[in-house]
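These notes concern the structure reproduced below.
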There are 2 protein chains.
Amino acid sequence: MSLELTPVQAVACCSPLSREPLSESEAEGIVPLLKALGDPVRLRLMSLVASHEGGEACVCDLNDAFELSQPTISHHLKVLHEAGLLEREKRGVWVYYRARTDALENLAALIGGKSR
Amino acid sequence: MSLELTPVQAVACCSPLSREPLSESEAEGIVPLLKALGDPVRLRLMSLVASHEGGEACVCDLNDAFELSQPTISHHLKVLHEAGLLEREKRGVWVYYRARTDALENLAALIGGKSR
DNA sequence: TGTAAATATTTACATCTGTCGATGTTTAAG
DNA sequence: CTTAAACATCGACAGATGTAAATATTTACA
């Protein structure tokens with residue numbers, strides 16, 4: 001098994017922001033998730049996938065939702081995937097992305113968790 | 001009264017990510033908050049202030065927590081302040097920043113909210 | 001085998017961002 | 001009025017980031 005933490009583990013590791021100061025290493029584990037969501041196209045992609053029926057969507061649908069080139073959408077999906085926010089599954093010629101709701105929930109708990 | 005939305009209003013405006021697709025304008029209102037938190041120094045600053053007693057901290061304390069120049073810390077605090085995540089208050093020579101927990105809670109609800 | 005469609009990768013480039021040194025501003029104390 | 005301390009702003013620069021054109025890869029199907 002790997003010694004690297006998955007992003008979901010990284011964000012589940014710590015108590016909420018308001019509870020105690022985040023360590024440097026904790027912060028660097030969480031920041032990739034926030035950076036991934038900190039772009040308007042990626043935030044909408046995440047929302048599109050997460051709110052799609054079955055919690056997944058085909059890239060072919062996502063491309064049409066933006067006036068951006070196909071490589072650009074592919075790039076943004078890769079960022080979200082590498083952050084651990086989207087799962088990838090290939091079926092035939094099509095690729096489906098699925099939202100990691102557990103990652104979203106852990107991140108939300110970290111941000112919004114009460115002080116005590 | 002201003003026609004501009006405050007960041008807190010911007011993030012309180014929409015249903016959760018997983019509920020329905022975020023519009024372009026909604027996304028652009030929320031992204032500044034995520035970008036502000038998407039830097040390890042700023043995330044730790046936010047956590048330091050939010051977890052400090054009384055929910056506020058003096059810049060003098062924050063400077064000492066990092067091996068960064070004073071202008072750099074000042075810059076990061078400004079970003080968090082302009083995103084609506086920190087309030088500023090000057091008392092004498094000292095400046096105190098206070099965490100906007102309502103903004104954090106709204107953002108968390110947006111990210112982690114259940115689909116239905 | 002050959003062709004077309006869906007998606008990813010590579011490369012290049014303009015813009016954005018984090019950082020620091022130098023300097024400015026504000027407040028309190030002599 | 002000076003001086004010192006706390007903090008902000010300015011200017012500059014290296015490195016990161018979003019975008020698209022060109023190209024590669026994978027899969028289905030004739």
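Everything numeric here is computed off the predicted structure, so don't read it as measured data.
- Classification of B:E87 and B:R100 as a salt-bridged pair holds, one side-chain N sitting under 4.0 Å from a carboxylate O.
- Which of D:dT19, D:dA8, D:dA6 sits closest to the side chain of B:V93 comes down to D:dA6.
- Judged by Watson-Crick or G-U wobble contacts below 3.5 Å, the nucleotide D:dA22 has C:dT9 as its partner.
- Residue B:I73 is out of contact with every strand shown, counting any heavy-atom pair closer than 4.0 Å.
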ask   = Are B:E56 and B:R88 close enough, and set up right, to give a salt bridge (charged side-chain N to carboxylate O under 4.0 Å, His left out), and what steps lead you there?
value = CA-CA 9 Å; B:E56 70 173 20; B:R88 256 188 109 230; over 6 Å; no
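- Going from atom CG of A:L34 over to atom P of D:dT17 covers 14 Å, rounded to whole Å.
- Backbone-only contact: A:L68 has heavy atoms under 4.0 Å from sugar-phosphate atoms and none from a base.
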task = Take A:N63 and A:V59 through the test side-chain contact (heavy atoms from CB on, under 4.5 Å) and record every step on the way to the result.
result = CA-CA 6 Å; A:N63 276 324; A:V59 176; 3.6 Å; yes
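- At the heavy-atom level, A:Y97 lies under 4.0 Å from the strands shown only through sugar-phosphate atoms.
- As a whole-Å value, the separation of A:H75 NE2 from D:dA16 C1' is 11 Å.
- Using a 4.0 Å heavy-atom distance criterion, A:R91 is classed as making no nucleic acid contact.
- Counting non-hydrogen atoms under 4.0 angstrom, B:R42 reaches the backbone sugars and phosphates but no base.
- For B:D64 and D:dA5, the CG to C1' distance is 14 Å, given to the nearest whole Å.
- Between the CG atom of A:L37 and the P atom of D:dG18 there is a distance of 12 Å, rounded to whole Å.
- Atom pair A:Y96:OH and C:dA6:C1' shows a separation of 11 Å (rounding to whole Å applied).
- Across the protein-nucleic acid pair, A:W94 atom CH2 and C:dA5 atom P stand 12 Å apart, rounded to whole Å.
- Proximity of B:K78 to the phosphate of D:dT9: a side-chain N or O atom is located under 4.0 Å from OP1 or OP2.
- Between A:T72 and D:dA20 there is a side-chain polar atom (N or O) within less than 4.0 angstrom of OP1 or OP2.
- Residue-level contact check: B:H76 touches the backbone only, with heavy atoms under 4.0 Å from sugar-phosphate atoms and none from bases.
- Salt bridge status for A:E28 with B:R44: absent, with no side-chain N to carboxylate O gap under 4.0 Å.
- Between the P atom of C:dG24 and the CD atom of B:Q70 lies a distance of 15 Å, rounded to the nearest Å.
- Look at A:R88 and you'll find a side-chain N or O under 4.0 angstrom from OP1 or OP2 of C:dA8.
- Neither side chain, A:S51 nor B:E20, offers a donor N or O lying under 3.5 Å from an acceptor on the other.
- Atoms NZ (A:K90) and C1' (D:dA28) sit 11 Å apart, rounded to a whole Å.
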